[in-house]
Amino acid sequence: MRYTTTALLFTLCAWVLPAQAFELEAKKVTDKVYALVGDIDQRTKENLGLNNTLGFVITDDGVVLVGSGGTDEAAKLIEASVKKVTDKPIKQVVNTGSQDHHWMGNGYFIAQKIPVMALKRTVDSQEAFKAPNLQRLATALDKKPEDFKPVAADNVVDADTKDFTVGGVAFSLRYLGEAHFPGDAVLWLPDEKTVFAGDIVFNDRMLGLLPETSKVKAWLATFNKLAELKPEHVVPGHGYPSDMATAQKAVGDYLGWLVEEVGKAVTDMEDIGDAVKRLAADTRFDFLKFHKEWNSRNIHQTYMQLEAE
Ligand SMILES: [Zn+2]
């Protein structure tokens with residue numbers, strides 16, 4: 001009976017409410033800087049694979065867009081989301097990450113003759129992990145990898161720092177070290193005291209150490225370098241923009257906890273299964289979404305990495 005009522009209600013709601021198209025949430029960070037917050041969830045067909053956070057900067061000479069989404073459709077939504085905030089055209093796109101949702105929409109902008117800048121390290125990593133990223137994206141969007149034709153940045157910088165100015169705003173694209181993926185970079189705006197941290201920072205949801213790409217100690221060191229910039233505003237790769245203290249809790253403290261606690265378990269030669277079970281019961285980082293799915297995996301991955309040292 002209960003099931004029937006629930007099912008009936010669900011059917012009624014689905015009928016009464018029109019399907020809501022997915023939207024990116026524009027969050028003002030400073031007068032010039034906005035974050036475009038995607039779903040804090042998995043990639044789905046509905047969210048066009050945009051389970052990450054992008055952003056843009058309004059300059060006197062147009063908009064600098066950070067991140068292009070994973071597909072042409074996602075790129076179109078990003079462009080429309082920028083247009084809701086400013087009439088200024090997109091002048092420049094910057095890639096900070098190697099994962100699909102940070103760059104695979106480049107072609108949509110390059111076709112409009114909007115240049116896309118990235119560090120060579122980032123482009124190399126995008127290429128190196130293109131196949132598994134495409135596979136993951138295609139599965140989530142119910143498509144085939146060959147349905148997508150990702151285009152690399154056309155303004156590739158063979159250096160670890162590139163300072164440039166657009167419309168009176170100073171930018172510094174920097175590689176600070178390995179994090180979620182090799183080649184992940186940050187875009188630092190010294191005058192705005194804002195850093196587009198890319199996948200070095202996951203706010204609101206637990207970060208994931210991917211066995212093939214993420215090295216826990218390197219990620220922590222990279223995060224600490226980012227902290228040295230002393231940003232007042234952090235636009236993360238996933239989650240809402242925040243201050244540095246919030247990013248510290250979600251990323252710096254968590255990575256530090258993993259290295260320290262799992263490190264002790266490795267030194268004590270505690271059985272890996274026992275260590276995962278014991279440490280996964282710790283509730284300190286339960287405020288992060290997906291902690292149930294990711295904490296055990298991260299503890300396990302950290303154990304493997306620290307044991308191999
Ligand atoms: Zn990401």
Side-chain angles (χ1 to χ4, degrees), residues 22 24-25 27 35-44 47-56 65-71 74-75 77-78 93-106 116 118-119 121-141 148 150 153 173 175-187 195-216 218-219 222-223 226 234-242 247 250-251 254-255 288-291 293-294 297-298 301:
F22 171 73
L24 290 163
E25 202 179 331
K27 285 273 176 194
L36 290 173
V37 183
D39 236 352
I40 301 173
D41 214 314
Q42 312 294 3
R43 295 166 183 76
T44 62
N47 66 30
L48 312 177
L50 288 168
N51 69 335
N52 61 313
T53 298
L54 312 115
F56 60 94
L65 176 66
V66 187
S68 62
T71 66
L77 176 67
I78 293 164
V93 178
V94 179
N95 290 163
T96 58
S98 314
Q99 259 188 322
D100 46 275
H101 44 218
H102 294 294
W103 73 277
M104 287 188 183
N106 283 350
V116 179
L119 298 182
R121 277 178 186 277
T122 310
V123 177
D124 289 347
S125 179
Q126 288 170 347
E127 184 58 35
F129 298 100
K130 190 159 84 177
N133 276 329
L134 264 180
Q135 185 60 59
R136 198 176 308 176
L137 180 70
T139 305
L141 301 185
F148 304 104
L173 182 58
Y175 171 73
L176 301 178
E178 301 225 347
H180 192 41
F181 273 70
D184 281 346
V186 304
L187 186 64
V195 67
F196 286 90
D199 279 352
I200 293 165
V201 175
F202 283 54
N203 278 339
D204 306 296
R205 59 154 296 172
M206 186 164 270
L207 62 84
L209 293 172
L210 303 177
E212 63 282 14
T213 59
S214 323
K215 305 276 176 287
V216 63
W219 193 338
T222 301
F223 180 85
L226 181 140
V234 179
V235 181
H238 295 262
Y240 282 90
S242 70
V251 180
Y254 180 55
L255 290 170
L288 296 166
K289 194 172 176 181
F290 295 127
H291 67 270
E293 291 84 345
W294 278 101
R297 276 195 252 179
N298 290 338
Q301 185 51 225

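These figures come from a predicted structure and were not determined experimentally. In listed order, ligands and their atoms are each counted from 1.
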- Item | Atom pair CE (M206) and CZ (R297), whose distance is rounded to the nearest 0.5 Å | 11.5 Å
- Note on the structure: CZ (R136) and CG (D100) are apart, to the nearest 0.5 Å, by 7.5 Å
- Query: Counting backbone and side-chain atoms alike, does H101 have an N/O/S atom under 2.8 Å from the Zn ion (ligand 1)?
  - Reply: yes
- Can you tell me if an N/O/S atom from N51 lies under 2.8 Å from the Zn ion (ligand 1)? no
- Are N47 and D41 linked by a side-chain donor-acceptor pair shorter than 3.5 Å? no
- Query: Quick one: angle D199 OD2 - the Zn ion (ligand 1) - H238 NE2, to the nearest 10°?
  - Reply: 120°
- Item | Within residues 199-212 or reaching into it, pairs that qualify as side-chain hydrogen bond (donor to acceptor under 3.5 Å, both in side chains) - sequence neighbours excluded | H102-D199, D199-H238, N203-S242
